Amino acid sequence: MPVKNKTDRKFIVVTGGVLSGLGKGVAAASIGNLITKAGLKVIPIKCDGYLNVDPGTMNPVEHGEVFVLDDGGEVDMDFGHYERFLNVTCKFKWNLTMGKVYESIRKKERRGDYLGKTVQLIPHVSDLIKEWFFEIGKEENADVVMIEVGGTVGDIENELYIEACRQLKRNVGEENILYIHLTYIPIPGHVGEQKSKPTQQSVALLRERGIEPDVIIGRCSEYLDEKIKKKISTFCGVDEKAVITGIDVDSVYKLPLSFSKEGINDIIKKELGIESGVKPEWKKLVDNLSKLDKEVTVAICGKYTELDDSYASIVEALKHCSANLKVKVNVKMVETTDINSPADAKKLLKGISGVIVPGGFGSRGTEGKIKVIQYCRESNIPFLGICLGLQLAVAEFARNVCGLKGANSTELDSKTKHPVVDILPEQKNIKDKGGTMRLGAYPALIKPNTLIWELYGKQKEVSERHRHRYEVNPEYHDILLKNGLIFSGMSPDRKLVEFFELPKNKHKYFVGTQAHPELKSRFEKPAPLFYGLVKACLEK
Ligand code: GLN
């Protein structure tokens, strides 16, 4: 028997229909955001159907950014939205994957937990999934557990999650569960009218699986009209008031406001008996978005540029700066593979106010990035290097300032004469690829009176998240320092360069970090290094 649920804990199940990519994660996070207004603790759980244990081994172009948590978990990028909208620090355990589910079932079976039984998808796997939900709710003392089922109803790989969510109602009582189904309302050009059929069909699929939605969110480019709401209500068996628009927005941070306007708070109150609404601080920042009186353009120079989601958290961090500084921040993705000289970089970066070189793996495009960095350093263009970006900036500085010809990272050139970036000693003998990088939150001691120290509010110690195997080689620390690079943040054992900068009299903003500060950036509190970059872009 699954663990009994605390009777007043609420569960919200979010499923999707018709199409993938409708923004289920953002919708769930937005609704959770409204619920946190009254101080309730909303804990998100995301169920992914794939057989990987986590997305850590997937290519970002295929799956979007790999999000990293404080605890070192590599998780679905929706957790970025959850952290930004719910103000929680998420945990690895909250991302279920079929890889983890089957791994756990097999372990239990070998241990003898099911002795004498035939282990089956139902009830054993569905029970395990439910236990997971209950356990997380209990461990976190959640008021509301928000469960997002990945994919689209009808996908084979998600059937067990849907089944577990169906059973949940009997375990927790119908007064404690709300089923939300997100669908798509097309407006075909030749008829120019909002169409409900795909929604009807996807709700039929959901009903076949025993789930009757309480709320239908229709993603649409227009607000849903009364006629279509009535139709969906009749055909899908939901209250007319519970059919709400998931309007296309130019900023996802507007979604809590638009769901509120559409009446979601009344439904939540009626169905679950809890209060929700827009937080005033949130609204203030959203209002700022219509008062952007300055404009800058930041280039993200990477190699995963064909998919915007590859750098999702970086783009979000820039949006946070935009709302807080009231600056329009345009983002330009720049592919670096064909850049062969600082002059090439200059041409490509025409009109750009600042540059980010983001994280990455493997050598493609890295020489181009080094040229970009050289151009930024020599031309006083604000620059932020993140992880691989820091490593390449160190290689550039070593080559062109310290005179170490061909300096490089051994990840990119194993035979380099000057391995200024090298594998971390503890990484040398690791063979397995999954979940073995230096992952998660690590502290850094900050050097007083540096730019980084100012930006982090003069804190002695800061913590940021990491995902890497390489580091600045300690054997080259002295020569880099002697040539004017400032190590503004070091690991507590002083071995690892966590932050560097160039002095303010040499450069407006030339900063690098081994961490990924974008992962902790919030709408209400932009990550300091991004804030610093955008501010530097505004400087004349
Ligand atoms: N490939 C580099 C390393 O493993 C950088 C990783 C990153 O940018 N996240 O150290």
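When a residue number appears, it is its place in the shown sequence, counting from 1. We count ligands from 1, going down the list as the structure has it; atoms in each ligand are counted the same way. Quick caveat, the model's predicted, so the values are computed rather than measured.
Annotation: Arg522, atom CZ; neighbour count of heavy atoms from other residues, nucleotides and ligands within 6.0 Å is above 12. Atom NZ of Lys346 has 12 or fewer neighbouring heavy atoms from other residues, nucleotides or ligands inside a 6.0 Å radius.
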**Prompt:** Tyr531 and His320: side-chain hydrogen bond (donor to acceptor under 3.5 Å, both in side chains), yes or no, with the steps?
**Reply:** CA-CA 8 Å; Tyr531 194 83; His320 303 162; over 6 Å; no

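Residues passing the salt bridge (charged side-chain N to carboxylate O under 4.0 Å, His left out) test with Arg438 are Glu498, sequence neighbours excluded.
Screening residues 480-499 for ring-ring contact (aromatic ring centres under 6.0 Å, His included), with sequence neighbours left out, gives Tyr456-Phe499, His477-Phe487.
Within 4.0 Å of ligand 1, the residues that place a heavy atom are Gly359, Gly360, Phe361, Cys387, Leu388, Gln391, Glu411, Arg467, His468, Arg469, Tyr470, His516, listed by chain and number.
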Less than 3.5 Å apart, which donor and acceptor atoms pair up between the side chains of residues 383-396 and the rest of the protein, not counting sequence neighbours?
from   : atom 1 : to     : atom 2 : distance (Å)
Gln391 : NE2    : Tyr470 : O      : 3.2
Gln391 : NE2    : Gln514 : OE1    : 3.3
Glu396 : OE1    : Arg377 : NE     : 2.8
Glu396 : OE2    : Arg377 : NE     : 3.4
Glu396 : OE2    : Arg377 : NH2    : 2.8
Glu396 : OE2    : Asn400 : ND2    : 2.7

